[in-house]
Amino acid sequence: MPTPSQRAPARLFAALAVTTTFGFGLLVYTVGVMISPMSAELGWSNATLSAGPTIGLATSGLLAPKVGRFVDHHGGRRVMVIGSITGAIGVAVWAVSTTPVLYLAAWLVIGTGMAMSLYEPAFAAVVKHVPDRRRQGVLAITLMGALASTIFLPLASWLLDLLGWRQALVVLAVGHVMVTTPLCVSWIPSRSTVTASRPSDPVGAAAPGTESPPSLVSSSRLRRITIVKVLGGSANVSVGIHVVSFLIGSGVSATRAALTAALLGLAKIVGRIAIGFAARRHAGHTLLTACLCLMGVSLLIGVVAPTIAGQATMIVLFGIGGGGMTVAQPLVIVEQFGTRTYGITAGRISRMSSLSFSIAPFAVGALVTVTASYVVPWLLLATGCAVAAWLLPHSTPRADP
């Protein structure tokens with residue numbers, strides 16, 4: 001039977017996978033289901049409602065380096081526990097919001113929870129606790145995370161129909177805390193490392209290790225990777241938040257739109273599995289380039305083929321590319337900068353990228369308000385994906401000593 005030290009990595013991966021899945025489902029995807037009923041009840045515009053996720057993502061980005069540094073030094077348990085509880089509190093405030101000011105204030109709290117419970121701190125925890133199994137850890141977390149939209153879009157839509165949007169948010173927030181907090185406390189270690197049960201993961205083994213993390217001022221590679229994440233992340237977040245509204249605007253019923261949008265999560269699983277296997281033979285930057293190109297092409301399909309089949313094709317292809325991008329990005333960071341200061345390095349990238357692509361959902365909402373169409377924002381996001389693929393560094397630095 002496996003020893004406790006052999007079971008520890010699997011438990012860590014399971015706890016982080018559940019926490020991030022619930023975090024994305026509650027803090028990122030649920031708002032897409034709630035935009036239309038909130039607008040109908042409160043009379044707020046799409047742009048006003050989209051400003052909430054924008055503030056949340058910006059707050060998350062501002063806090064990312066501090067969270068990453070904390071995980072580098074102290075591990076992931078406290079961060080993930082506090083993040084889960086904080087995010088749920090923010091959603092509870094959102095549920096009682098009657099004015100835009102209170103709604104936007106709720107997203108400040110939600111953004112703090114995002115910074116402490118989504119992929120960046122989870123990946124940093126994997127690299128901190130089991131660095132020689134980082135590829136397996138990232139893949140396990142993102143495979144389950146891909147189900148966030150598949151689970152939470154239909155669930156949120158069902159609770160919305162059953163209880164109304166306010167009560168639905170309360171139920172989701174309470175369930176979030178009840179599921180994630182015990183797992184984090186029990187299965188994420190408080191000490192700095194976990195004994196791994198497998199030999200060193202070859203992916204990223206040739207990456208350079210540095211005692212001090214790179215800065216945006218001194219490293220052109222870091223600047224380029226940050227821009228790539230800005231552009232690719234803008235597309236990923238914007239489509240995730242607006243896909244239900246996009247489908248409803250095309251004449252699809254709310255229930256059918258939620259079910260169709262759930263294909264996004266299933267497609268992300270396919271993309272992440274594909275990248276997980278491909279990473280054994282191909283460099284992370286090659287895989288990330290392919291993902292960005294696929295995302296751009298899928299958005300163009302959504303523009304030129306405004307039919308049910310075209311929309312479904314767009315969602316599936318975008319999900320494959322976006323899901324694969326989530327796995328490839330941390331591999332690229334390890335390739336370029338090593339594992340020793342992964343948390344702070346990824347946090348610096350996340351701070352700049354989150355501050356930038358947090359504007360994207362609001363910008364998409366504003367453009368839809370002005371043009372009454374998703375054509376212009378989809379074209380802009382597709383162009384951003386193409387530019388990101390062109391900018392990504394395609395050389396691997398020297399190996400770790």
Side-chain angles (χ1 to χ4, degrees), residues 28-29 31-33 35-36 39 45-54 57 149 153 227-254 256-268 271 288-326 353-354 356-391:
V28 176
Y29 291 112
V31 67
V33 176
I35 284 177
S36 293
S39 179
S45 70
N46 191 302
T48 298
L49 293 167
S50 298
T54 295
L57 291 166
S149 61
L153 287 175
I227 294 171
V228 168
K229 188 169 182 182
V230 167
L231 297 173
S234 294
N236 227 353
V237 172
S238 296
V239 172
I241 289 175
H242 283 276
V243 64
V244 173
S245 294
F246 164 67
L247 293 170
I248 292 174
S250 301
V252 179
S253 69
R256 185 171 180 179
L259 292 173
T260 303
L263 291 172
L264 193 67
L266 297 176
K268 285 183 177 181
L288 183 52
T289 299
C291 292
L292 290 165
C293 291
L294 186 58
M295 291 164 64
V297 169
S298 70
L299 289 168
L300 292 178
I301 292 174
V303 171
V304 301
T307 63
I308 294 296
Q311 291 161 355
T313 301
M314 183 202 85
I315 290 171
V316 169
L317 293 182
F318 188 90
I320 292 172
M325 185 181 75
T326 305
S353 60
S354 294
S356 299
F357 69 63
S358 65
I359 300 170
F362 172 77
V364 169
L367 285 170
V368 171
T369 300
V370 172
T371 65
S373 170
Y374 276 91
V375 170
V376 172
W378 269 200
L379 288 174
L380 290 174
L381 293 175
T383 301
C385 290
V387 172
W390 177 69
L391 283 175

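Along the sequence shown, residues carry numbers from 1. Keep in mind it's a predicted model, so treat the numbers as computed, not measured. Values reported hereafter were calculated over all heavy atoms of this structure, with side chains retained and with hydrogens, waters and symmetry mates removed.
Across every non-hydrogen atom of V375 and S373, the tightest pair is N-OG, 3.0 Å. Residues C293 and A389 share a closest heavy-atom pair of SG-CB, 3.9 Å. Taking all atoms of both residues into account, the shortest heavy-atom contact from L153 to Y29 is CD2-O, 3.7 Å. For the residue pair G232 and A388, the shortest heavy atom distance occurs at N-CB, 4.5 Å.
Aromatic ring orientation, F246 versus Y374: perpendicular (interplanar angle above 60°, classes split at 30° and 60°).
We find the CE-CG distance between M325 and L294 to be 11.5 Å, quoted to the nearest 0.5 Å. In this structure, M295 CE and N236 CG are separated by 4.5 Å, a value rounded to the nearest 0.5 Å. Residue M314 holds its CE atom at 11.5 Å from OG1 of T307, rounded to the nearest 0.5 Å. The OG1 atom of T326 sits 10.0 Å away from the CG atom of L288 when rounded to the nearest 0.5 Å. Taking SG from C385 and CH2 from W390, the interatomic distance works out to 15.5 Å, rounded to the nearest 0.5 Å.
A side-chain donor-acceptor contact under 3.5 Å links S238 to the backbone of S234.
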For L247 and I315, what are the C-alpha separation, side-chain angles and deciding distance, and is it a side-chain contact (heavy atoms from CB on, under 4.5 Å)?
CA-CA 10 Å; L247 293 170; I315 290 171; 3.9 Å; yes

| said: Under the criterion side-chain contact (heavy atoms from CB on, under 4.5 Å), I'd like the reasoning laid out for S36 against I248: C-alpha separation, chi angles, the key distance, then a yes or no. | reply: CA-CA 9 Å; S36 293; I248 292 174; 4.2 Å; yes

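Here the side chains of L300 and L379 are in contact, with some heavy-atom distance below 4.5 Å. Between V364 and S50 the shortest side-chain heavy-atom distance does not fall below 4.5 Å. The side-chain heavy atoms of V228 and L292, taken from C-beta on, include a pair separated by under 4.5 Å. Using a 4.5 Å cut-off on side-chain heavy atoms (C-beta onward), I320 and K268 make no contact. Contact of the V239 side chain with the L299 side chain is registered, since non-hydrogen atoms from C-beta on lie closer than 4.5 Å.
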